[in-house]
Trainee: 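Got a structure here, written out as structure tokens. Questions coming.
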Amino acid sequence: MENNNTIRNAFTMKLKPGFETEYKIRHDQIWAELQTLLSESGIQDYSIFLDEATLTLFAIQKVSKDFDPDLLPNHPIVKKWWSYMADIMETNPDNSPVTIPLKEVFHLD
């Protein structure tokens, strides 16, 4: 769903068993250059939640209407982050996290 300026985007990822604390630590110490890149690319209000029973990570973000989804996967900082996170998450062969897009079925402002 979208408002006048942003589009909400949600997806799941999967954490490997035993890495719940490490995942949080790494995100608490997110690199400044990655944080800047995400903001400058049009990502706003980005949250990740963990379902501890299934180790499913649920991410939701607002992206600007002019957000280019092809920009980040090809950026060296993002590739470096993916490599850094690959040991604790389910990943694709290029180290990108396995993500499953979610369809919005309800929203209340």
Side-chain angles (χ1 to χ4, degrees):
M1 282 293 186
E2 55 185 83
N3 67 20
N4 292 337
N5 301 314
T6 60
I7 300 167
R8 284 190 311 278
N9 180 40
F11 53 94
T12 62
M13 300 171 286
K14 193 78 167 187
L15 194 58
K16 291 180 180 176
F19 290 102
E20 300 88 339
T21 300
E22 182 63 22
Y23 185 87
K24 173 120 176 59
I25 289 169
R26 291 184 190 187
H27 280 77
D28 286 346
Q29 300 171 354
I30 192 169
W31 307 332
E33 64 268 29
L34 179 58
Q35 191 169 359
T36 299
L37 176 64
L38 295 175
S39 295
E40 289 177 353
S41 72
I43 295 177
Q44 311 161 18
D45 195 10
Y46 188 1
S47 298
I48 302 173
F49 299 85
L50 173 64
D51 176 351
E52 293 178 298
T54 66
L55 299 180
T56 299
L57 296 159
F58 166 74
I60 186 163
Q61 55 190 210
K62 291 180 183 175
V63 298
S64 63
K65 285 193 172 186
D66 60 350
F67 175 75
D68 179 358
D70 296 324
L71 172 76
L72 292 177
N74 296 305
H75 197 285
I77 293 172
V78 173
K79 289 180 178 283
K80 184 178 174 184
W81 180 260
W82 287 348
S83 180
Y84 176 58
M85 298 298 290
D87 64 324
I88 66 172
M89 299 179 66
E90 291 183 6
T91 61
N92 295 302
D94 67 353
N95 285 334
S96 65
V98 173
T99 61
I100 300 171
L102 297 173
K103 177 181 177 182
E104 184 171 317
V105 295
F106 176 77
H107 175 76
L108 177 66
D109 270 329

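Treat the numbers as computed from the prediction; the structure is a model and nothing was measured.
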Trainee: Is there a donor-acceptor pair closer than 3.5 Å between any side-chain N or O of Asp94 and the backbone N or O of Ser96?
Mentor: yes
Trainee: Angle class for the Tyr84/Trp31 ring planes (parallel below 30°, perpendicular above 60°, tilted otherwise)?
Mentor: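 The arrangement is tilted - the two ring planes meet at 30° to 60°.
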Trainee: Can you confirm whether more than 12 heavy atoms, excluding those of Ile25, are under 6.0 Å from its CD1 atom?
Mentor: yes
Trainee: Nearest 0.5 Å, what's the OG1-CD distance between Thr6 and Gln61?
Mentor: 11.0 Å
Trainee: Say whether Phe58 and Val63 are linked into one hydrophobic cluster, either directly or through other cluster members, by side-chain heavy-atom distances under 4.5 angstrom.
Mentor: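 The answer is no; the residues belong to distinct hydrophobic clusters.
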Trainee: Applying a strict under-4.5 Å side-chain criterion to I, L, V, M, F, W and Y, I'd like to know whether Ile60 and Leu38 cluster together.
Mentor: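 In one cluster: no.
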Trainee: When hydrophobic residues are tied together by side-chain contacts of less than 4.5 Å, even through go-betweens, does Leu102 share a cluster with Ile43?
Mentor: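 Cluster IDs for Leu102 and Ile43 differ.
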Trainee: In Å and rounded to the nearest 0.5 Å, what is the CE to CZ distance from Met85 to Phe19?
Mentor: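 Going from the CE atom of Met85 to the CZ atom of Phe19 covers 10.5 Å.
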Trainee: Side-chain donor-acceptor contacts of residues 69-80 below 3.5 Å, not counting sequence neighbours, with atom names and distances?
Mentor:
from	atom 1	to	atom 2	distance (Å)
Asn74	ND2	Asp70	O	2.8
His75	ND1	Ile77	N	3.1

Trainee: Taking all atoms of both residues into account, what is the closest heavy-atom pair of Pro101 and Phe11, and its distance?
Mentor: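 Minimum heavy-atom contact is CA-CB, 4.0 Å.
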Trainee: Over all heavy atoms of both residues, which pair between Phe67 and Ser41 is shortest? Give the atoms and the distance, please.
Mentor: CD1-O, 3.2 Å
Trainee: Distance from Ile30 atom CD1 to Thr36 atom OG1, nearest 0.5 Å?
Mentor: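 Between Ile30 CD1 and Thr36 OG1, I get 9.5 Å after rounding to 0.5 Å.
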Trainee: Indicate yes or no: does Lys24 engage Glu20 in a salt bridge with an N to O separation below 4.0 Å.
Mentor: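 Result for this pair is no, no salt bridge flagged.
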Trainee: Can you check whether Glu104's main-chain N or O pairs, donor with acceptor, with Arg8's side chain at less than 3.5 Å?
Mentor: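 A pair under 3.5 Å: no.
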Trainee: Using side-chain contact (heavy atoms from CB on, under 4.5 Å) as the criterion, point out the one residue from Leu57, Val98, Asn95, Leu55 that pairs with Met89.
Mentor: Leu57
Trainee: Asn92 vs Trp82, test: side-chain contact (heavy atoms from CB on, under 4.5 Å). Steps then yes/no.
Mentor: CA-CA 10 Å; Asn92 295 302; Trp82 287 348; over 6 Å; no
Trainee: Is any side-chain heavy atom of Asp87 closer than 4.5 Å to a side-chain heavy atom of Glu22?
Mentor: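 When only atoms from C-beta onward are counted, Glu22 and Asp87 do not touch, as no gap falls below 4.5 Å.
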Trainee: Which atoms form the tightest heavy-atom contact between Lys16 and Ala86, and what is the distance?
Mentor: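 Distance-wise, the nearest heavy atoms are NZ-O, 3.5 Å.
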